[in-house]
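Structure, as structure tokens:
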Protein chains: 2
Amino acid sequence: MDPLLLTHLQSNIHLTDEQLSELEGFFQPRQLKKKHYLLQEGEINLGLAFVTEGLLRSYKVDSNGFEHVLQFAPPGWWMADMKSLNRQEPAELFIEALEPTAYLFITRQKLDLAFKEIPQLERHFRMLAENAVIAYQQRLIGNLSLPAIERFATFCRLYPTLTRSLPHKQIASFIGVTPEFFSKMINNTPLPD
Amino acid sequence: MDPLLLTHLQSNIHLTDEQLSELEGFFQPRQLKKKHYLLQEGEINLGLAFVTEGLLRSYKVDSNGFEHVLQFAPPGWWMADMKSLNRQEPAELFIEALEPTAYLFITRQKLDLAFKEIPQLERHFRMLAENAVIAYQQRLIGNLSLPAIERFATFCRLYPTLTRSLPHKQIASFIGVTPEFFSKMINNTPLPD
DNA sequence: ATTTTTTCTTAATCCAGATTAAGTAGCATT
DNA sequence: AATGCTACTTAATCTGGATTAAGAAAAAAT
């Protein structure tokens, strides 16, 4: 079992060695080259990815062709288009590798099976989803009440490892401004060192 | 057992009569008068509310004193400050009755107990939380990519029963505009009948 | 019924951030 | 080393929605 996944699971639940090895069998290790896609709009998201190396991003392309980043997934994070995955309908999102990325993939069928075999997993994923709800609520409130510069500060707290390594346009897209405005903003208020 | 709660639970899981009556015992029926609070900023959210009659709203007051509505809860919906509830920390949100409201209240302790006694509940609440994540993702994308008038249209689809009954300022606060702008917008583009 | 409060409207002015456009710098590819 | 790409910057102009201010109308309280 991947050590990152193990730590992740153990943060919420305890599983026996037997359960862990059964669970391990449900995952398949996969890779993506930089700029390749895990999912494209219109496809059906067939499973859930747990990133072990690299970086994924999910984004929506709106009716004017602009991209809006929903989530970045560095190692230790899950990634999927949950709407497409849960309802087995065409995806609205793209999921792309921003770096060469390794991940563990579990299909919806296997995940359902895993929930049946290892009921504690329901608990783990419930808590995971609840935390995601909290995070999206915070982000929504931030988008409604904070100016761009403070949303950027919030971003830096959320993804400290990415703040330096990510192209500015990706951060701009996440916090909801244009790259042009981001550039202006950042050059008036430089990064704290 | 309240018929609304029963239908709600049965949408995702099946429970025996015994389990249902045990679960029923965990809830206490409560009421709120109009404009009274279920929760105020700084308090710790001690439990989860399932609305059976009336209407609740949760909102955040930002540093400039402006309110931002996170959620409305008409009958059949759950309401809580999940961050405060899950982490037992002071709430950022207010939860207020917009109408005289009846709800079933379950404390965190009893909910934890219910999860232990009735493991299928984990599944139900996992699915609930996942759907909430999806809803917040959609709303976030809408806020980033749609003009106010289309966010209003989305609102009308999400809460069809509330579109007519709610004060405009509440709708404005939910979609993220000022009441003044909402008024201007709505009077340029009247409601479809 | 009258006062008070809250909701809703209109209109003028203002501003954060978008748009457009042009240019620079780096980094791949050939 | 030339030809792209893509990231990033700068600056002028524009705009969706905010702010401010005032009044009208509806609802609640007395």
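Everything quoted here is computed from the prediction, not taken from an experiment. Numbers restart at 1 for each chain; the letters A, B, ... are given by sequence-line order, proteins then strands.
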For this session: With a 4.0 Å heavy-atom cut-off, tell me which residues in residues 137-148 of chain B come close to DNA chain C, sorted by residue number.
Result: none

Exercise. For Glu67(A), does its backbone N or O pair with a side-chain atom of Ser173(A) as donor and acceptor, under 3.5 Å?
Worked result: yes

Problem set entry | Arg57(A) and Gln170(A) side chains, donor-acceptor separation under 3.5 Å | yes

For this session: Give the rounded distance in Å between these two atoms: CE of Met185(B) and P of dT10(C).
Result: 14 Å

Exercise. Where each residue is assigned the nucleotide of DNA chain D containing its nearest heavy atom, which of Lys35(A) and Gly176(B) is assigned the position nearer the 5′ end?
Worked result: Lys35(A)

For this session: Measure from CG on Asp62(A) to C1' on dA18(C) and round the result to the nearest Å.
Result: 13 Å

Problem set entry | Pair His8(B) and Trp78(B), ring centroids less than 6.0 Å apart | yes

Problem set entry | Asp112(A)/Lys116(A) ion pair, N-O < 4.0 Å | no

Problem set entry | Axial cation check for Tyr103(B) ring with Arg30(B), 6.0 Å and 45° limits | no

Exercise. Ser183(B) side chain N/O closer than 4.0 Å to the phosphate oxygens (OP1, OP2) of dC8(C)?
Worked result: no

Exercise. Of all the choices, dA18(C), dC8(C), dT10(C), which nucleotide is nearest to the side chain of Lys184(A) once you look at every atom?
Worked result: dA18(C)

Exercise. Taking the six-membered ring for Trp, are Phe94(A) and Tyr59(A) ring centroids under 6.0 Å apart?
Worked result: yes

Exercise. How many Å lie between NZ on Lys169(A) and P on dG17(C), as a whole number?
Worked result: 21 Å

Problem set entry | Closest-nucleotide ordering on DNA chain C, the 5'-leading residue of Gln170(B) and Phe181(B) | Gln170(B)

For this session: Answer yes or no: is there an ion pair linking Lys83(A) with Glu92(A), defined by an N-O contact shorter than 4.0 Å?
Result: yes

Seminar exercise, completed: Rounding to 0.5 Å, atoms CD (Glu99(B)) and CG (Leu166(B)) come to a distance of 8.0 Å

For this session: On DNA chain D, reading 5' to 3', which nucleotide is the first and which the last to sit with an atom under 4.0 Å from a heavy atom of chain A, could you check?
Result: dA7(D) to dT10(D)

Seminar exercise, completed: The answer to which of Glu180(B) and Lys34(B) contacts DNA chain D further toward the 5' end, by nearest nucleotide, is Glu180(B)

For this session: Quantify the bending of the helix from dA1(C)-dT30(D) to dT30(C)-dA1(D) as the angle between its end axes, each fitted on five pairs, to 10°.
Result: 50°

Problem set entry | Aromatic ring proximity, centroids under 6.0 angstrom, Tyr159(B) and Phe174(B) | yes

Exercise. Salt-bridged, Glu180(B) to Lys184(B), with N to O below 4.0 Å?
Worked result: no

For this session: Could you tell me if the ring centre of Phe125(A) sits under 6.0 Å from that of Phe115(A)?
Result: yes

